[in-house]
Amino acid sequence: MSLEQDKDRFADAVAEAFRQSYPEQFETVGETGAFSAGEVRAKLEKPKDARMGRFALPVFPYLKLLRAKPDDVASRVAAAANSLLEEDGDSGLSISADGGYLNAKIDQVAQMRATLAEILRKQAAFGNSNDGAGKTILVEYSAPNIAKPFGVGHLRSTIIGNSLRLIFKKLGYHSVGLNYPGDWGTQFGKMIVAFRKWGSEESLQGNAVRNLLDLYVRFHKEAERDAALEDEARLAFKNLEDGEPEATKLWERFKTISYAEFDRIYTLLGVEFDVVYGESFLNDKMNAVIDRLKRDGLVTVSDGALIVDLKDPQLPPSLLRRSDGATLYQTRDLAGMVYRWERWHFHECLYVVGSSQADHFKQALKVIEMMETAEQLPEAQRMAQRLRHIGFGWVKFGGKAMKTREGTLIFLEEVIDEAVKLVREKIEEKNPDLKAIDETALMIGVGAVVFSQLSVRRHKDVNFDWDEVLSFEGETGPYLQYTHARLCSLLRNYGREVGAGVDFSLLDHEEEHRVVELLADFPDAIRDAAANYDSYYLATYLLRLAGAFNKVYQRKDSQGRIDKIISENRALTEARMALVISVVTVLREGLRLLGLKAPEEM
RNA sequence: GCCCCCGUAGCUCAGUUGGAUAGAGCGACGGUUUCCUAAACCGCAGGUCGCAGGUUCAAUUCCUGCCGGGGGUACCA
């Protein structure tokens with residue numbers, strides 16, 4: 001009997017109990033009103049404390065209608081519902097009235113048998129669904145800028161997007177991870193000007209990315225004193241866009257240097273993409289969009305620039321072409337949206353991009369919507385409602401935003417190197433005999449950095465704090481990995497398969513029941529993460545699961561001794577190992593969905 | 001000026017379409033190891049939920065105003 005089925009039976013019984021207990025009021029609300037099973041089902045919630053019940057119905061919303069006190073209603077309905085359930089035979093479900101709530105208690109053994117058997121059978125496929133069958137979802141993330149180093153600021157988009165891509169895949173979507181590096185735009189005018197003025201052949205050798213950054217920062221510093229530099233940069237970019245050979249050659253070299261850097265970082269992080277194309281890929285696709293918008297009668301000229309007036313006092317116009325004829329970021333994203341729609345006909349297209357660009361996406365979405373409305377496209381051919389900006393807060397350092405131009409950014413590689421170094425020291429101290437020490441240190445160090453980006457809801461700013469990122473205790477990636485490693489150690493020590501005839505009733509401690517409840521919640525945790533486009537929900541779920549298991553692991557008996565998982569009692573040990581296997585399975589799969597590795601020893 | 005996000009324990013954050021005593025981690029203090037990996041576990045301490053109103057049986061949650069922080073506000077991305 002699954003949890004969902006229990007909720008349905010609860011709703012049926014309670015709805016009927018309401019009708020029997022308050023027939024007069026039932027007359028007034030009728031069959032589909034407040035006493036219907038559907039209404040009851042929709043009002044179910046999770047009790048604050050798991051001991052109160054598996055799920056609960058508050059009776060407060062019914063008080064006005066019934067003109068009665070909460071305790072009276074609850075106890076009356078509970079009694080009626082329980083006798084209804086009993087008439088159906090042994091149901092494993094009972095209802096208690098407590099403080100105005102109808103708390104549902106489920107037969108623990110039945111629940112454990114159902115949950116653990118399902119996980120043992122499905123293994124890593126537990127939590128899979130076909131929610132997304134036949135649907136394509138695009139996830140754009142990372143999108144670093146060429147000629148700039150990969151800083152911790154790019155980390156969030158990369159980590160969140162990579163995880164979302166994996167989560168949607170698990171839910172049965174055709175999930176396409178897309179990287180869209182910024183390899184075009186005025187910044188290249190700046191780079192070209194800076195390189196010609198202060199750069200040299202040597203700056204493209206050695207630590208080229210670092211040198212390019214220095215040039216970029218210097219440009220902005222000098223431009224503060226000399227405004228003419230900005231004009232020079234605009235001109236240089238215009239030349240690049242017009243295909244000037246020398247500028248194009250420089251641009252190609254900047255690109256080669258940067259892509260090599262990105263690939264190294266992605267390998268380090270274990271991040272993958274299905275499709276990669278830069279902004280320049282859209283260069284020959286922008287005219288078509290501009291022409292299309294013109295035909296739709298949406299384009300006007302303003303101060304020499306080509307714009308779409310969004311007819312919204314809250315939004316500035318969408319700028320398609322500057323007064324000098326050059327295109328903009330907005331133009332390219334519009335062209336990209338049309339391109340993606342024509343190529344994939346996606347169910348949804350997600351842009352995992354910082355919240356500071358919220359207006360940019362509002363504008364672009366509005367333009368698409370106006371375009372599709374003007375063309376009177378049928379619903380099935382419209383994408384405006386399918387485009388979604390998945391914004392996230394800044395990564396700050398010392399309370400301030402890190403900005404490339406000001407040179408106040410921290411290199412991601414620097415952070416990872418430091419984390420790995422500290423992990424290595426810790427392993428040498430605690431587990432010096434570990435064989436794959438380098439690989440393990442890398443998995444854990446990267447895990448700490450990655451998890452630090454997922455432990456706060458995405459729309460909030462996160463403060464980059466060395467001590468926090470490099471902490472391996474408490475609510476961290478290494479905590480999850482450590483719990484996983486200990487579980488694996490139990491499996492090695494046990495060294496046998498768990499047979500079919502496990503007696504789950506032997507798992508009779510509250511701590512064990514709590515773990516099973518959490519295991520049963522795994523599919524919901526994945527759905528929550530997907531529904532909110534935020535892997536944070538999965539991350540905190542895993543922390544709860546690991547915490548719950550650690551309580552089992554270190555539970556003490558009445559004499560104050562650790563009640564070990566593996567003991568002389570064969571049947572008990574086997575039941576507990578079934579639990580261990582289930583937790584390992586979910587923990588490993590959960591970590592994978594977040595983009596973390598799960599070492600078996602550490 | 002206008003728009004968006006944020007404001008909960010000393011610090012970093014949770015708080016599920018409004019519900020039962022506002023919860024974790026870190027830090028502090030006190031415990032647990034003849035070791036199934038102490039990167040763990042237990043206990044204790046710590047909050048006028050920014051402020052003031054309003055709606056409601058019920059507000060940290062919804063509405064209005066104000067205060068404080070951040071972001072955005074057409075020829076950067």
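Proteins come first, then strands; the chains are lettered A, B, ... in the order of their sequence lines, and each starts at number 1. Below, all heavy atoms of this structure are taken into account, side chains as well, without hydrogens, waters or symmetry copies.
- A side-chain donor from one of A:Ser318 and A:Gln330 sits under 3.5 Å from a side-chain acceptor of the other.
- Contact check, A:Tyr553 against B:C42: no side-chain N or O comes under 4.0 Å of OP1 or OP2.
- When heavy atoms are screened at a 4.0 angstrom cut-off, A:Ser302 is found touching base atoms of the nucleic acid.
- Using a 4.0 Å heavy-atom criterion, one finds that A:Leu44 contacts no nucleic acid atom at all.
- A:Arg486 has a side-chain polar atom (N or O) that falls below the 4.0 Å cut-off from OP1 or OP2 of B:A38.
- For A:Phe237 and A:Trp184, the gap between ring centers is short of 6.0 Å.
- The residue A:Ala326 sits apart from the nucleic acid: no heavy atom pair falls under 4.0 Å.
- Here A:Glu279 lies in heavy-atom contact (under 4.0 Å) with sugar-phosphate atoms only.
- Within 4.0 Å of A:Gln330, counting heavy atoms only, lies no atom of the nucleic acid at all.
- The local environment of CD in A:Glu429 is crowded, with over 12 non-hydrogen atoms from other residues, nucleotides or ligands closer than 6.0 Å.
- If you take atom P in B:U8 and the same atom in B:U61, they sit 14 Å apart, rounded to whole Å.
- Nucleotides B:A9 and B:G15 are separated by 15 Å at their P atoms, to the nearest Å.
- Counting heavy atoms from C-beta on, the side chains of A:Phe254 and A:Ile192 come closer than 4.5 Å.
- Nucleic acid contact class of A:Tyr479 (heavy atoms, under 4.0 Å, all strands): sugar-phosphate only.
- In this structure, a donor-acceptor pair under 3.5 Å is present between the side chains of A:Asn550 and A:Arg486.
- OP1 or OP2 of B:C76 lies within a sub-4.0 Å distance of a side-chain N or O belonging to A:Arg234.
- Distance from the side chain of A:Glu475 is smallest to B:G25 among B:G25, B:A74, B:C13.
- Close to B:C6, at under 4.0 Å from its OP1 or OP2, lies a side-chain N or O of A:His459.
- Taking atom C1' on both nucleotides, B:U48 is separated from B:A38 by 39 Å, rounded to a whole Å.
- A 3.5 Å limit on both hydrogen-bonding distances identifies B:G31 as the Watson-Crick or G-U partner of B:C41.
- At the phosphate of B:G70, neither OP1 nor OP2 sits under 4.0 Å from any side-chain N or O atom of A:Lys460.
- Contact annotation for A:Ile307: base contact, defined as any heavy-atom pair under 4.0 Å involving a base atom.
- Side-chain contact annotation: A:Glu601 with A:Thr440, donor-acceptor N/O pair under 3.5 Å absent.
- When the P atom is compared between B:C4 and B:G25, the two are found 36 Å apart, to the nearest whole Å.
- Both A:Phe60 and A:Gln554 lie near RNA chain B, and the one whose nearest nucleotide falls closer to the 5' end is A:Phe60.
- Across the strands present, B:G47 finds no partner; the criterion is a Watson-Crick or G-U wobble pair with both atom distances under 3.5 angstrom.
- No engagement by A:Asp528 is indicated, since no non-hydrogen atom pair under 4.0 Å with the nucleic acid exists.
- As judged by a 4.0 angstrom heavy-atom cut-off over every strand, A:Ser489 is placed among the base-contacting residues.
- For B:G7, the paired nucleotide is B:C67, the pair qualifying as Watson-Crick or G-U wobble because both relevant distances are below 3.5 Å.
- The gap from the C1' atom of B:G10 to that of B:U73 amounts to 37 Å, rounded to the nearest Å.
- Base pairing analysis places B:C36 opposite nothing; no Watson-Crick or G-U wobble pair with both distances below 3.5 Å involves it.
- Closest-nucleotide positions on RNA chain B for A:Ala305 and A:Asp98 were compared, and the one nearer the 5' end corresponds to A:Asp98.
- Side-chain N/O atoms of A:Arg544 include none lying less than 4.0 angstrom from OP1 or OP2 on B:A14.
- Phosphate proximity of B:U33 to A:Arg561: absent, as no side-chain N or O sits under 4.0 Å from OP1 or OP2.
- A:Arg457 contributes atom CZ, which lies 6.5 Å from atom CG of A:Asp534 (distance to the nearest 0.5 angstrom).
- Checking the phosphate oxygens (OP1, OP2) of B:C42, a side-chain nitrogen or oxygen of A:Lys551 falls inside 4.0 Å.
- Listed pair A:Asn145 / B:A77 fails the phosphate criterion, with no side-chain N or O lying under 4.0 Å from OP1 or OP2.
- With respect to A:Arg496 and A:Glu574, no salt bridge is recorded, no charged nitrogen being found less than 4.0 Å from a carboxylate O.
- Among the protein residues, A:Pro47 comes within range of the nucleic acid bases, having at least one heavy atom under 4.0 Å from a base atom.
- Proximity of A:Thr186 to the phosphate of B:C76: a side-chain N or O atom is located under 4.0 Å from OP1 or OP2.
- Using Watson-Crick or G-U wobble geometry with both donor-acceptor distances under 3.5 Å, B:A59 finds no partner in any strand shown.
- A:Tyr536 comes within 4.0 angstrom of the backbone, heavy atoms only, and of no base.
- On the C1' atoms, B:A52 is 11 Å away from B:C67, given to the nearest whole Å.
- On a pure distance criterion of 3.5 Å, no polar donor-acceptor pair joins the side chain of A:Asp333 and the base of B:A77.
- In this structure, OH in A:Tyr536 is found 8.5 Å from OG in A:Ser455, a value given to the nearest 0.5 Å.
- Contact annotation for A:Arg458: no contact, since no heavy-atom pair falls under 4.0 Å across all strands.
- What separates CZ of A:Arg514 from C1' of B:C41 is a distance of 17 Å, to the nearest Å.
- Within the 4.0 angstrom heavy-atom criterion, no nucleotide atom of any strand lies near A:Asp183.
- With B:A40, B:G71, B:C3 as the choices, the nucleotide that has an atom nearest any side-chain atom of A:Asn550 turns out to be B:A40.
- Among the atoms of the strands shown, base atoms are found under 4.0 Å from some heavy atom of A:Ile562.
- Nucleotides B:A58 and B:G31, compared at atom C1', are 41 Å apart to the nearest Å.
- For the C1' atom pair drawn from B:C5 and B:G50, the interatomic distance equals 16 Å after rounding to whole Å.
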